[in-house]
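Reading through the structure tokens given below for one structure.
None of these values were measured; they are calculated from a predicted model.
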Amino acid sequence: VADDFVEIDTANFAAYPFPTALSVKKGSVELLSNWFNTLPEKDVHTRLRVDKEIRLLPMFTDDEFYRRIYPVKFLIFLVYREGSGFQAEKLSASESLKLFFEQSWVSSNPKTIRHFLRWYSKLSCYHLTYSNHNEAIDFFLKLMKKE
């Protein structure tokens, strides 16, 4: 659903789209051009702080898109590493929780934590290291059909 930020409702643990333009880094423009054919012509923005060139995908203008509920059935922790090939590993609950808490925040309310852990224990979690985008996309598509 997202890369940098995902809102998850604690009542039903569904993810909701976050209304912001997605940034596409220089190395991903060619790959995403298959789905967003005007992407190569988009203005390039330079993010001085991280010294990267990006293009912004257009935001969806359909309000219905932002009202959709997406049940969260799995989490994937991604690492893009040039020349690494493709490695997908299913993680144990303890391995995935460690990665999750390195990147996320959960309320310290004991009731919320218990609720979160019950939900999280049912998730399938994966660690994916890849250098070939098409192999990663194939993995995502197979996983979505399976889950």
Who are the side-chain contact (heavy atoms from CB on, under 4.5 Å) partners of Leu99, not counting sequence neighbours?
Phe77, Leu91, Glu102, His127

Of all heavy-atom pairs linking Tyr130 and Ala136, the shortest is CD1-CB, 3.8 Å

In chain order, what residues pass the side-chain contact (heavy atoms from CB on, under 4.5 Å) check against Ser92, with sequence neighbours excluded?
Ser94, Glu95

Cluster link Val79 to Leu97, ILVMFWY, side chain under 4.5 Å
no

Return the minimal non-hydrogen interatomic distance between Ser84 and Thr129, and the atom names on each side.
OG-CG2, 3.8 Å

Taking salt bridge (charged side-chain N to carboxylate O under 4.0 Å, His left out) as the definition, give me every residue that meets it alongside Glu82, ordered by chain and number, with sequence neighbours left out.
none

What pairs of residues pass the side chain to side chain donor-acceptor pair (under 3.5 Å) test when at least one of them lies in residues 112-123, not counting sequence neighbours?
Ser96-Tyr120

Can you tell me how far the CZ atom of Phe100 sits from the CG atom of Leu75, to the nearest 0.5 Å?
6.5 Å

Once rounded to the nearest 0.5 Å, what's the spacing between atom CD of Gln87 and atom CG of Leu128?
9.0 Å

Who passes ring-ring contact (aromatic ring centres under 6.0 Å, His included) against Phe86, sequence neighbours left out?
Phe139

Name all residues meeting the side-chain contact (heavy atoms from CB on, under 4.5 Å) criterion together with Asn132; count only those two or more places apart in sequence or in a different chain, and write none if there are none.
Asn134, Glu135

How are the rings of Tyr126 and Phe74 set to each other: parallel, tilted or perpendicular (split at 30° and 60°)?
perpendicular

